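To start, the structure itself, in structure tokens.
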2 protein chains.
Amino acid sequence: MASIKDVAAEAGVSVATVSRVLNDHPSVSADARTRVLAAVETLGYRPNAVARSLRTDQTHTLGLVISDVMNPYFTELARSVEEEARALGYSVIIGNADERPDLQDHHVRTLLDRRIDGLLVSPTDGGSPLMLDAARAGTPMVFVDRWIPGVDVPVVRADGRSAVRDLVAHLHRLGHRRLAIIAGPAATTTGRERVEVFREALGAYGLELPDAYIGQGDFQAESGRLVTEGFLDLADPPEVVFAADNLMALGALDAVRARGLRVPDDLALAAFDDIRWFVHTDPPITAIAQPTGELGRAAVRALVDRIEGRPGESVTLPARLVVRRSCGENSTPVQRSTT
Amino acid sequence: MASIKDVAAEAGVSVATVSRVLNDHPSVSADARTRVLAAVETLGYRPNAVARSLRTDQTHTLGLVISDVMNPYFTELARSVEEEARALGYSVIIGNADERPDLQDHHVRTLLDRRIDGLLVSPTDGGSPLMLDAARAGTPMVFVDRWIPGVDVPVVRADGRSAVRDLVAHLHRLGHRRLAIIAGPAATTTGRERVEVFREALGAYGLELPDAYIGQGDFQAESGRLVTEGFLDLADPPEVVFAADNLMALGALDAVRARGLRVPDDLALAAFDDIRWFVHTDPPITAIAQPTGELGRAAVRALVDRIEGRPGESVTLPARLVVRRSCGENSTPVQRSTT
DNA sequence: CCCGTCGATGTAATCGATTCCACGAGCACC
DNA sequence: GGTGCTCGTGGAATCGATTACATCGACGGG
């Protein structure tokens, strides 16, 4: 592979001049410039990004450590992150933590070793020393979707409070009174928060959220299945299950189906995170939709702001309720899905 | 960020010795080794992968250029690729081409600029000069899922021939005679091949595949919807639509639903690529399942073989039919889904 | 006792870029 | 005509690692 030296030789100039042409520095003669460009062309030269990064201490690369790529919500997030980053001249390296703190750490470490310019994280846990140290040491960093309290890092996320209130109103209107939730891991903000918001919304209708109706999931489908099995085995099973993410809703669907029961007649179902497939499941699933693409883009903008020395602020965007048929038929739709 | 020099100073040795300890070279005294390791610990030193790559001309990184991350099939592929690569000591940088040749080229270019050790590609088109040149120049490369004919690069893919035969047998047994296909782009091997295989299988039952029953899609949901609309508008519409990938099947579902029709009564549906959601759609969708995880792993192994100087061979694995209810009820299942 | 070998270590070149500094030519101004 | 600028250019240092080569001391064999 041709190097800058080869180009310099071919063009009959020094490497300094070649570098100037490539970085369009003003003081290069028109003659030298054309000769260099010709040499670049004939040699098929492309600058070595590794060498450049070593010298400039910039990689123009962002790291994205995501909880679970197989979760469509995060897939979409990753996609929007890459798009916005590309528009701003950055590449993205994605690390999939698979909801495992050790894998998360592995990815943070290799990304840091590669000297990425900034890190976008959706933390799987409360934060390893590695990550906290990196944040403290000033590595540009932004949390997206989930965050770690007490760490001075901008957070870009959706606020589901009002959408969950709308959901509970919807469920109450349909006559449901025994409402259960499949929660995410307590180590994550979204795992805890969604339970609290749900409990609060229930309170507004004079309803309780008993411990038996709080199932502990891990944001993966299998846990949703198990928790739902547990709910169905209760002496007094819930009428509705609210899954704190889309995969656990899928697991809940599996559990209901395995028993030969029907949604919503035997058990109503709602989920946090809206995804395309929810329109086509049997029945279509009522969900709380996050502005996923907007979150990804805002997170990248905040991170790049930090990297380039600007403030870089937290952003919170509202989620909204999308009513479908999984909680009962006779609803007055709060809002129709347009997808 | 501490460099190897700082460690050397802290430990009271030369940088050479530090480097030897880090790469566990045999001739280092036990004393020096412990002093260096202590220094590494106190400084929190991590070697700079950029500098190391420049010197060794290896990045221990693979590039994966994929047609569309939002397609669950490719998401799963990406995931298995990353897993296997990690097990072999490599990182993966994913580039999402979104079925756009220009984006594909963009990613190939930046990956090459970063001097990745090898490239895994699922080409969106017949191959740009850039990619062909890279292959010819000896960049370790492997095609996965799709490939470019006439290029000397190993191919890792699934063979759907026998599964498609099983599918057609299944459809024929259910009494369907007018079978249509939503094809992928002719610029891709899978786009062309699936049509041919389907036509061949129909031939075995004395059935034809008229041009009117070949819809041109682009592997994205929207095209599946449009093509299906077209089919439904025909004077003599097909009884079955076979979508060449899962997203176009989703689009077909949209089209059927928009007209208030039912699957399979008004139109039967089958798809290439099996995904989790197909179990829960209304109705569950009959599909041809690829051994996706195995493909990803095999592709990585072939690529790493090439990188490390071993042969690196093509692999073809069989796909299999998974019968569900989207083509009709009274089937004798060829194979049950276990998902 | 001397020489060859081996083990531990340091010095310095190297990878491919960027960039500071010096230098010479050309030009304008006084 | 000399002085001082600007402009274009090249030499060389630099980024942080790896590694060939040189060096030096200890040790064993003849």
Side-chain angles (χ1 to χ4, degrees), chain A residues 1-40 43-61 89 91 109-117, chain B residues 1-40 43-61 89 91 109-117:
Chain A
M1 190 131 261
S3 84
I4 196 170
K5 265 187 212 154
D6 304 317
V7 176
E10 172 82 17
V13 296
S14 71
V15 294
T17 300
V18 175
S19 177
R20 288 195 191 95
V21 171
L22 264 36
N23 297 284
D24 43 38
H25 184 95
S27 73
V28 185
S29 67
D31 175 53
R33 163 166 284 115
T34 54
R35 290 222 309 286
V36 167
L37 292 177
V40 165
L43 295 176
Y45 169 77
R46 295 246 79 213
N48 183 327
V50 174
R52 192 202 295 258
S53 292
L54 176 61
R55 185 59 234 259
T56 61
D57 203 33
Q58 293 182 29
T59 50
H60 276 275
T61 303
S91 300
R109 197 187 317 277
T110 56
L111 289 168
L112 255 24
D113 285 357
R114 272 149 200 272
R115 301 299 192 265
I116 44 129
D117 293 340
Chain B
M1 189 131 262
S3 83
I4 196 171
K5 264 188 211 152
D6 304 317
V7 176
E10 172 82 17
V13 296
S14 72
V15 293
T17 300
V18 176
S19 178
R20 290 197 189 93
V21 171
L22 265 36
N23 297 282
D24 44 37
H25 184 96
S27 72
V28 185
S29 67
D31 176 54
R33 162 165 286 112
T34 52
R35 290 222 309 286
V36 167
L37 292 177
V40 164
L43 295 176
Y45 168 76
R46 293 247 77 212
N48 183 327
V50 175
R52 191 202 294 259
S53 293
L54 177 60
R55 185 58 234 259
T56 62
D57 203 33
Q58 294 181 29
T59 50
H60 276 275
T61 303
S91 300
R109 198 187 316 276
T110 56
L111 289 169
L112 256 23
D113 285 356
R114 273 151 197 264
R115 301 301 192 265
I116 44 130
D117 293 341

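Every chain is numbered from 1 and lettered A, B, ... according to where its sequence line falls, protein lines coming before strand lines. Predicted model only: the values in this text are computed from it and were never measured.
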Are there any protein N/O atoms within less than 3.5 Å of an N/O atom in nucleotides 25-28 of chain D, and if so, which ones and at what distance?
none

Does some side-chain heavy atom of A:S14 sit less than 4.5 Å from a side-chain heavy atom of A:T17?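 Sidechains of A:S14 and A:T17: in contact.
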Contact check, side chains of A:V40 and A:L22, non-hydrogen atoms, under 4.5 Å: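 A side-chain contact under 4.5 Å exists here.
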Interatomic distance, B:R114 CZ vs C:dA17 P [rounded to whole Å]: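 Computing the B:R114:CZ to C:dA17:P distance gives 15 Å.
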Taking only residues two or more places apart in sequence, or in another chain, which ones meet [X] in a side-chain hydrogen bond (donor to acceptor under 3.5 Å, both in side chains)?
X	result
B:R109	none
A:S91	B:R114
B:D117	B:T59

Please evaluate residues B:S19 and B:I4 with respect to the criterion side-chain contact (heavy atoms from CB on, under 4.5 Å), reporting the C-alpha separation (whole Å), side-chain torsions for both, the decisive distance (0.1 Å), and the verdict. CA-CA 8 Å; B:S19 178; B:I4 196 171; 4.0 Å; yes
Going by heavy atoms closer than 4.0 Å, what residues in residues 1-12 of chain A are next to DNA chain C?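 The stretch gives A:S3, A:I4, A:K5 as the residues lying under 4.0 Å from the strand, ordered by number.
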Stepwise, does the side-chain contact (heavy atoms from CB on, under 4.5 Å) test hold for A:T110 with B:H60? CA-CA 11 Å; A:T110 56; B:H60 276 275; over 6 Å; no
For B:R33, enumerate each residue passing the salt bridge (Lys or Arg N to Asp or Glu O under 4.0 Å) test, keeping only those at least two apart in sequence or located in another chain.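 B:R33 satisfies salt bridge (Lys or Arg N to Asp or Glu O under 4.0 Å) with no other residue.
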Residues in salt bridge (Lys or Arg N to Asp or Glu O under 4.0 Å) contact with B:R55, at least two apart in sequence or another chain: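 B:R55 satisfies salt bridge (Lys or Arg N to Asp or Glu O under 4.0 Å) with no other residue.
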Any pair with a residue in residues 22-31 of chain B that passes salt bridge (charged side-chain N to carboxylate O under 4.0 Å, His left out), sequence neighbours left out, goes on the list, sorted by first then second residue, please.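 Listed once each, the pairs are B:D31-B:R35.
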Sort and list the pairs that fulfil salt bridge (charged side-chain N to carboxylate O under 4.0 Å, His left out) and have at least one residue in residues 8-21 of chain A, not counting sequence neighbours.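 Pairs touching residues 8-21 of chain A that pass the test: none.
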Atom of [X], atom of [Y] and distance for their closest heavy-atom approach:
X	Y	result
A:R46	B:R115	O-NH2, 3.4 Å
B:L54	A:A51	CD1-CB, 3.7 Å
B:V50	A:S53	CG1-CB, 3.9 Å

Are there over 12 heavy-atom neighbours, none belonging to A:D57, within less than 6.0 Å of that residue's CG?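 No, the 6.0 Å shell around CG holds no more than 12 heavy atoms from other groups.
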Tell me which residues in residues 15-30 of chain B lie within less than 4.0 Å of DNA chain D, going by non-hydrogen atoms.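 Result for residues 15-30 of chain B: B:A16, B:S19, B:R20, B:N23, sorted by number.
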Tell me which residues in residues 45-61 of chain A put a heavy atom below 4.0 Å from DNA chain D, sorted by number, or none.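 DNA chain D contact set from residues 45-61 of chain A: A:L54, A:R55.
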Angle by which the axis turns from one end of the helix from C:dC1-D:dG30 to C:dC30-D:dG1 to the other, five pairs per end, to 10 degrees: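 It works out to 60° between the end axes.
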